[in-house]
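The next block holds one structure in the form of structure tokens; read it before the comments.
As a basis for the values below, the full set of heavy atoms in this structure was taken, side chains included, without hydrogen atoms, waters or symmetry mates.
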Amino acid sequence: MKTFGLLLAALCGAMLLTAASKPAPKPAPPKANWAGMVTRTPIDSHIVGNPNAPVKLVEYISYTCPHCAHFEQESDAQLRIGFIATGKGSIEVRSYVRDGIDLTVALLTHCGPPSKFFANHSTFLRHQTTWMAPIASLTDGQKARWSSPDFATRTRAIAGDLGLYALMEARGYDRPEVDRCLADKALAERLAQHTKEATEKDFVNGTPSFLLNGVPLSGTYSWDALKPQIEARLR
């Protein structure tokens with residue numbers, strides 16, 4: 001009996017040693033939060049989603065374009081859930097500057113780190129009818145300020161008259177930070193140049209306009225027209 005007990009103890013010890021020597025299973029890697037991954041490109045655009053996604057959508061947006069605001073409201077949730085979150089798609093937003101108001105708003109969407117861009121972008125498009133309303137009743141004094149030869153004076157006048165400071169403050173920006181962004185003439189000049197290049201290279205002549213995997217989508221200006229083309233490529 002004593003011998004059997006010793007053998008049993010030795011066997012249990014060997015089993016414990018074998019179990020202890022086995023490596024612990026590796027935990028599953030955390031899922032990437034593609035919807036929170038934002039990068040700024042060398043051409044001053046912003047990309048949200050998997051940078052190596054097999055389907056890449058480029059949007060050319062003008063902030064004074066009602067169709068762009070409508071597209072944002074219709075498409076945003078669906079693109080984030082079914083396109084970006086899966087890692088299968090990414091979205092790149094490029095500013096298409098049509099006038100001084102467009103330029104002023106574009107400067108504000110770029111204000112701060114890249115992580116803030118898409119919320120800024122959405123804020124201005126979703127509140128477009130509110131901040132554009134005062135344009136219809138501008139005074140001569142306001143129009144004169146909007147034509148000032150000084151760049152920062154022009155953009156700050158536009159921002160003040162259209163209530164853009166209040167929108168930025170609601171996003172957590174203070175006045176000095178907003179003023180610095182509105183005075184960024186170098187960025188303004190680059191955005192104007194990118195707009196010119198978009199017209200020449202990507203055949204953009206209206207907004208919203210789209211590229212899918214680098215191919216311009218002729219005649220596509222709405223979510224209803226764009227959605228089936230994205231779905232076809234995801235399949």
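- Between S45 and V93, the shortest heavy-atom contact is CB-O, 3.2 Å.
- Applying the disulfide (SG to SG under 2.5 Å) rule to pairs touching residues 33-66 yields nothing, sequence neighbours excluded.
- The closest donor-acceptor contact from the side chain of T155 to the backbone of L182 lies under 3.5 Å.
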Would you give me the side-chain donor-acceptor pairs under 3.5 Å for residues 228-235, sequence neighbours excluded?
unit_1 : atom_1 : unit_2 : atom_2 : d
Q229   : NE2    : T220   : OG1    : 2.9
Q229   : NE2    : A225   : O      : 2.9
R233   : NH1    : Q229   : O      : 3.1

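- Looking only at side-chain heavy atoms (C-beta outward), L103 and F151 come within less than 4.5 Å of each other.
- Judged by distance alone, with hydrogens and angles left aside, the side-chain atoms of T109 form a donor-acceptor pair with the main-chain N or O of A106 at under 3.5 Å.
- A donor-acceptor pair under 3.5 Å links the side-chain atoms of R156 to the main chain of D179, judged by distance alone.
- No continuous path of ILVMFWY side-chain contacts below 4.5 Å connects L212 to F203, so the two sit in separate hydrophobic clusters.
- Counting all heavy atoms, side chain and backbone alike, A188 lies closest to L107 at N-CD2, 4.0 Å.
- Note: the hydrophobic cluster containing L57 does not contain I47 (ILVMFWY, side chain heavy atoms under 4.5 Å, direct or indirect links).
- The backbone N or O of V97 sits less than 3.5 Å from a side-chain atom of T195, completing a donor-acceptor pair.
- Note that NZ of K143 is 11.5 Å distant from CD1 of I135, once rounded to the nearest 0.5 Å.
- Atom NZ of K88 has 12 or fewer heavy atoms from other residues, nucleotides or ligands within 6.0 Å.
- Using a distance-only test at 3.5 Å, with no hydrogens or angles considered, no donor-acceptor pair links the side chain of S122 to the main chain of A119.
- Among pairs with a residue in residues 186-235, none fulfils disulfide (SG to SG under 2.5 Å), at least two apart in sequence or across chains.
- Residues F83 and Q78 have side chains not in contact (no heavy-atom distance under 4.5 Å, counting atoms from C-beta outward).
- Taking CZ of R154 as the reference point, atom OG1 of T104 lies at 8.5 Å (rounded to 0.5 Å).
- Under the 4.5 Å side-chain criterion, counting only non-hydrogen atoms from C-beta, C68 is in contact with L125.
- The closest side-chain heavy-atom distance from H110 to C181 is not below 4.5 Å.
- The ring pair (Phe, Tyr, Trp, His ring centres under 6.0 Å) test with F210 is passed by exactly one of F71, Y221, W223: F71.
- In terms of heavy-atom proximity, N50 sits nearest to N52 at OD1-N, 2.9 Å.
- When side chains are defined from C-beta on, E92 counts as touching I43, because their heavy atoms get closer than 4.5 Å.
- Interatomic distance, OG of S95 versus CG of L187, reported as 8.5 Å (0.5 Å rounding).
- F124 approaches L167 most closely through the heavy-atom pair CE2-CD1, 3.8 Å.
- Side-chain contact annotation: H194 with D44, donor-acceptor N/O pair under 3.5 Å present.
- Both W146 and Y63 sit in one connected hydrophobic cluster of ILVMFWY residues. Membership requires side-chain heavy atoms under 4.5 Å apart, directly or through other members.
- Rounding to the nearest 0.5 angstrom, the gap separating the CG atom in L191 from the CG atom in D184 is 8.5 Å.
- Between I61 and E72, every side-chain heavy-atom pair lies at or beyond the 4.5 Å cut-off.
- Under the 3.5 Å distance criterion, the side-chain polar atoms of D102 are matched with a main-chain donor or acceptor of T64.
- Evaluation of the side chain to side chain donor-acceptor pair (under 3.5 Å) test over residues 197-206, restricted to residues two or more places apart or in two chains, returns Y60-D202, R94-D202, Y96-T199, Q193-E197.
- Across K56 and P51, no two heavy atoms sit closer than the pair CE-O, 3.5 Å.
- Partners of D224 according to the side-chain hydrogen bond (donor to acceptor under 3.5 Å, both in side chains) rule, which considers only residues two or more places apart in sequence or in another chain, do not exist here.
- Across every non-hydrogen atom of R171 and K116, the tightest pair is NH2-O, 3.5 Å.
- In this structure, E59 and P208 have side chains that are not in contact, with every pair of non-hydrogen atoms separated by 4.5 Å or more.
- Residue Y173 is grouped with residue V38 when hydrophobic side chains (ILVMFWY) are merged at heavy-atom distances under 4.5 angstrom, including chains of intermediate members.
- Counting only residues at least two apart or on different chains, no disulfide (SG to SG under 2.5 Å) pair has a member in residues 112-180.
- By the criterion of side-chain heavy atoms lying less than 4.5 angstrom apart, applied directly or through intervening Ile, Leu, Val, Met, Phe, Trp or Tyr residues, M37 is grouped together with V55 in one hydrophobic cluster.
- Under the 30°/60° scheme for interplanar angles, the aromatic rings of H121 and F117 are found to lie parallel.
- Annotation: the span from L162 atom CG to I101 atom CD1 amounts to 6.0 Å, rounded to 0.5 Å.
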